[in-house]
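Notes to accompany the following structure.
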Number of protein chains: 2
Amino acid sequence: MDKQKEILAAALKLFVEFGFHGTPTSKIAKEAGVANGTLFHYYPTKDDLITSLYVSIKLEMSAFVETQSPKNHDYKAQFKNQFVNALHWAMAHPNEFQYVQQFYNSPYAALLQSEILQEQMQKTCGEIQLAIDSGIVKRLPVDYIFTLLSSHLFGLNQYLKNANLPVSKQKVVITETFELLWDMLT
Amino acid sequence: MDKQKEILAAALKLFVEFGFHGTPTSKIAKEAGVANGTLFHYYPTKDDLITSLYVSIKLEMSAFVETQSPKNHDYKAQFKNQFVNALHWAMAHPNEFQYVQQFYNSPYAALLQSEILQEQMQKTCGEIQLAIDSGIVKRLPVDYIFTLLSSHLFGLNQYLKNANLPVSKQKVVITETFELLWDMLT
DNA sequence: ACTTTTACCGACTGATTAGTCAATCTAAAC
DNA sequence: GTTTAGATTGACTAATCAGTCGGTAAAAGT
């Protein structure tokens, strides 16, 4: 693993455990096994590291969901795949998902303006719009549906994290939740 | 307003704007119009201030929801009142609600063990359990239903904050969302 | 009246921190 | 073989910050 990735991995681990406030750059560098200066070679400021880590994680997650969810003309199957895969990723990467929430609900989120992430969100919203136009999904504001989907994702993740179910049971709950959600939206 | 409340108000404003990391205790004291030492007279450490602020906000919110939602033997009306009132409070106190999210998703949440808050959560879960036992709500894990309700609350709040609707329209959306949610759970 | 406790002040400090910089290393290009 | 550009180092610093402390004023208790 190259040093830049080591730095991101170390930052993720420490930020999730101790928060932005509680983790000095020096500790990140030490955890990553690089010199202090190396960190600032790749990320000119701590804020830069914090936002870059967020973007990097979001892109990783989207890449996973996209590759695992084959294009499908059945809207329900399409959304279900994406929902299920996003949850599987979240369960398999608890630190990463926790960081996304931590960052998103912190004032750092305001600093961020990433065209790539915005583009990605608009792509999802576009798919929702298509499902609405085809008459399958209720005629509600796209942003609203997007929010409901996200909330369920976060909420279900939280529940699964606390309720230590066996993986097989987890998959059942995930599927059932999606069915409830889909009924609600159609 | 007494000095202790001034300190909490100042801390809220600054934490939401600049984060835990970005707001020194000295700035909080200045914003509150008190001396540096006074802050530490009431809150022995910064961590203490951060968690106390969270508890204080949660209690305020619960108090509002409780007083505004009269005891009701119709489960649906009871949950609807609580859901609607919680949202109204959130819309009327955006900083407070933002802080709750910020704190809850940060590592500070792990530091907190407040019996009062835990008691409060168990009370809500008890009400859910009653609704399940009576056969009105689907036989799902209580934690799961609680999580779904909370997620919707957070999600809908986020949507309403972004989509600047007139208050009348807001109320319609809130009611409709609850109906969707209730249909899903029954 | 007097004693004790509590509220409040603000200058002060030891420790910590983000970020710098001059020097060294590496490896590819010419 | 030499040059060059980027990667890497770690000692260093100026600034900042959480928390202290000795002291004053005002309640509260007796």
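Everything numeric in this text was worked out from a predicted model, so none of it was measured. So that the names make sense, note that chain A is the first sequence line, chain B the second, and so on, each numbered from 1.
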Classify the ring geometry of A/Tyr99 against A/Phe20: parallel below 30°, tilted from 30° to 60°, perpendicular beyond 60°.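 Geometry flag for A/Phe20 against A/Tyr99: perpendicular rings.
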Parallel, tilted or perpendicular: which fits the ring planes of A/Phe79 and A/Trp182, with parallel below 30° and perpendicular above 60°?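 Ring orientation, 0 to 90° scale: tilted.
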Rounded interatomic separation in angstrom, taking [atom1] from [X] and [atom2] from [N]:
X: B/Ile28; N: D/dG19; atom1: CD1; atom2: C1'; result: 13 Å
X: A/Glu6; N: D/dT9; atom1: CD; atom2: P; result: 11 Å
X: B/Phe18; N: D/dC17; atom1: CZ; atom2: P; result: 12 Å
X: B/Leu39; N: D/dC17; atom1: CG; atom2: C1'; result: 13 Å
X: B/Gln4; N: C/dC8; atom1: CD; atom2: P; result: 9 Å

B/Ile116 reachable from B/Leu112 in the ILVMFWY side-chain graph, under 4.5 Å edges: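 In one cluster: yes.
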Any donor-acceptor pair under 3.5 Å linking the side-chain atoms of B/Glu127 with those of B/Gln82?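 Their side chains do contain a donor-acceptor pair, which is all the 3.5 Å distance test asks for.
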Taking ring-ring contact (aromatic ring centres under 6.0 Å, His included) as the cut-off, I'd like each qualifying pair that reaches into residues 135-162 of chain B, sequence neighbours left out, listed once.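 For residues 135-162 of chain B, and leaving out neighbouring residues, the ring-ring contact (aromatic ring centres under 6.0 Å, His included) pairs sorted by first residue read A/Tyr144-B/Tyr159, A/His152-B/His152, A/Tyr159-B/Tyr144, B/Phe97-B/Phe154.
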Letter by letter from the 5' end, nucleotides 17-23 of chain C scores (B base, S sugar-phosphate only, - none; protein heavy atoms under 4.0 Å) SBBB---
OP1 or OP2 of [N] versus the side-chain N and O atoms of [X]: is any pair under 4.0 Å?
X: A/His41; N: D/dA7; result: yes
X: B/Tyr42; N: C/dT6; result: no
X: B/Thr38; N: C/dA7; result: no

Salt-bridge contact B/Glu96-B/Lys13 (side-chain N to carboxylate O under 4.0 Å):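 Looking at B/Lys13 together with B/Glu96, the answer is no, because their closest N to O distance does not fall below 4.0 Å.
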